[in-house]
Amino acid sequence: MTDRLTIATWNINSVRLRMPIVERLLRDHGPDVLCLQETKCPDANFPEGAFRKLGYEHVAINGQKGYHGVAVVSRRPLAEVERRGFCDKGDARHIAVSVPFGGTSLRLHNFYVPAGGDEPDREINEKFGHKLDFMGEMRSWLAGEEARRPAVVVGDLNVAPFEHDVWSHKALLKVVSHTPVETELFEEIRRAGNWIDAMREVVPPTDKLYTWWSYRAKDWDAADKGRRLDHVWLSQPLAGTLRSVAVLREARGWEKPSDHVPVMTVLEG
DNA sequence: ATGACGTGCAACGCACGA
C-alpha cells in the first residue's frame, strides 16, 4: 500500500491579511501539508482556529512581530518541532517538523532565507552579508545528518539559481537573488547534501520557471518578469518518491495576492 | 532593470521586501 503526500509551500506575505486565499488553496487543492513563510504574525495571533476548521488540525509556528515568520499546518500529525536560529539574530526563519509518510516519517524543513537588501556587496550592505552568512550556516548543517534521512527542504530561499530561473539572466546578474556569489553558494549548499532540486526534475533547464512576480509590474502576467525564489529539495533517501511538482501561477492573479505563488509537490512512497 | 506596490507598526512616515 503506497502512501501519497502533497506538500505545498507559499510565501504568503502576511497570513492574517491573506486568509481568504489561503482557504481557497486549501479547499481547492487540499495539500496534506502547507508550509508558509512571511507570516508576519506573533504566535499568539496566528489564525490557528481557521486552519482547524478547514481540517488542518496540526499547526507548528515560529512567528515574530511584524517581520518574517514561518509556519507548518497539516492534516497529518506533526512531531519533533524544531525552530533553529541562524546567525544569532533571534529572528523566525526556520521550522522543522516530522510528518508521517509511507509507514515511517519524513523530516520537513521550512525556510525563509534573508532577502539580502539592494547592494550585492557585504562591505556596504550588512543585509547581503547576513544572507551569505545564513546560507553558509545552511550549507554545513544541511550537508550532515539531515541529508542522510528522508527529508524535504522547502521555502522562500530568495535565490534564483539558474539562467532560466529569471526573466533575463543578463539583466539580473548584478541584482540581489541572481548574483554569481549567491547562485554559486546556493548550488554549493544543494550539492553538499546531494539534495534533489525537485522543480527542475520535472521542468527542463531550458524552460523558464518562476514563483515570484514583483508587485510593481503593472501587468505581471503579460510582462512575466518573474524569478524562481521558492524551492523544494528532496534528500537522496526520497529519490524515486517524486510524482509531480506544480507551480500555481494562477494564484498570482487571485484577489489581494501575495507576490509569491504556491508550489505543490506530490510524493509517493 | 529599477521600482510604478504592498505589508506591519504605530505612524500619519518609516523599514522592509527582492
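Computed from heavy atoms alone, side chains included, the values below leave out hydrogens, waters and symmetry copies.
Taking only side-chain atoms of A:Y67, from C-beta outward, the nucleotide of B:dT7, B:dC9, B:dA15 with the closest atom is B:dA15. Among the nucleotides B:dA18, B:dC9, B:dT2, the one closest to the side chain of A:N158 is B:dA18.
For residues 96-120 of chain A, the set of pairs meeting the salt bridge (Lys or Arg N to Asp or Glu O under 4.0 Å) definition, not counting sequence neighbours, comprises A:E82-A:R107. Contacts classified as ring pair (Phe, Tyr, Trp, His ring centres under 6.0 Å) and involving residues 61-80 of chain A (residues at least two apart or in different chains) are given here: A:H68-A:Y112.
We find that A:R83 and A:D43 are not joined by a salt bridge, their nearest charged nitrogen and carboxylate oxygen being 4.0 Å or further apart. Note on A:R148 versus A:E145: no salt bridge recorded, every NZ/NE/NH1/NH2 to OD/OE distance being 4.0 Å or above. Salt-bridge check for A:R191 with A:E188: failed, with every basic side-chain N at 4.0 Å or more from each acidic carboxylate O. A salt bridge links A:R249 with A:D224: at least one charged nitrogen is closer than 4.0 Å to a carboxylate oxygen.
Straight-line distance between the P atoms of B:dA15 and B:dA10: roughly 15 Å, to the nearest whole Å. For the C1' atom pair drawn from B:dT2 and B:dG17, the interatomic distance equals 14 Å after rounding to whole Å. Comparing the P positions of B:dA1 and B:dG13 gives a spacing of 33 Å, expressed to the nearest Å. Here the separation of B:dA18 from B:dG6, taken at their C1' atoms, is 13 Å to the nearest Å. The same atom, P, is picked in B:dA4 and in B:dC9; the two are 24 Å apart, to the nearest Å. Rounded to whole Å, the separation between the C1' atoms of B:dC16 and B:dA11 comes to 15 Å.
Within residues 251-259 of chain A, the residues that place at least one heavy atom under 4.0 Å from DNA chain B are, in residue-number order, A:K256. Annotation: proximity of residues 113-138 of chain A to DNA chain B (heavy atom, distance under 4.0 Å) is found for A:A115, A:D118, A:K127, numbered in ascending order.
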Give me, pair by pair, the N or O atoms of the protein and of nucleotides 12-14 of chain B that are less than 3.5 Å apart, along with how far apart they are.
none

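The phosphate of B:dA18 (OP1 or OP2) has a side-chain N or O of A:Y112 nearer than 4.0 angstrom. Contact check, A:R16 against B:dC9: a side-chain N or O comes under 4.0 Å of OP1 or OP2. In this structure, A:H260 reaches the B:dA18 phosphate: one of its side-chain N or O atoms is under 4.0 Å from OP1 or OP2. A close approach under 4.0 Å does occur between a side-chain nitrogen or oxygen of A:S14 and OP1 or OP2 of B:dG8.
Between the NZ atom of A:K218 and the C1' atom of B:dG3 there is a distance of 11 Å, rounded to whole Å. Spacing between atom CD1 of A:I12 and atom P of B:dG6 amounts to 16 Å, rounded to whole angstrom units. Computed from coordinates, the A:W167 CH2 to B:dG3 P distance equals 14 Å when rounded to whole Å. Here the P atom of nucleotide B:dG17 and the CZ atom of A:R93 are 7 Å apart, to the nearest Å.
The heavy-atom pair separating A:E137 from A:G85 by the smallest distance is OE1-O, 4.2 Å.
Aromatic ring pairs are classed by plane angle as parallel below 30°, tilted from 30° to 60° and perpendicular above 60°; the pair A:F111 and A:F134 is perpendicular. Classification of the A:F186-A:H231 ring pair by plane angle, with boundaries at 30° and 60°, yields tilted.
No side-chain N or O of A:N13 forms a donor-acceptor pair with one of A:E38 less than 3.5 Å apart.
For an aromatic pair to be called close, the ring centres must be under 6.0 Å apart, and A:H109 with A:W141 satisfies this.
Heavy atoms of A:D219 sit nowhere under 4.0 angstrom from any nucleic acid atom. Note on A:W213: nothing from the nucleic acid sits closer than 4.0 angstrom, heavy atoms only.
With values rounded to the nearest 0.5 angstrom, A:L234 atom CG is found 12.5 Å from A:N194 atom CG.
With sequence neighbours excluded, the residues forming a salt bridge (Lys or Arg N to Asp or Glu O under 4.0 Å) with A:K89 are A:E126, listed by chain and number.
Across the interface with DNA chain B, nearest-nucleotide mapping of A:K65 and A:V175 shows A:V175 to be the residue nearer the 5′ end. Comparing A:R18 and A:A217, the nucleotide of DNA chain B nearest to each residue sits closer to the 5' end for A:A217.
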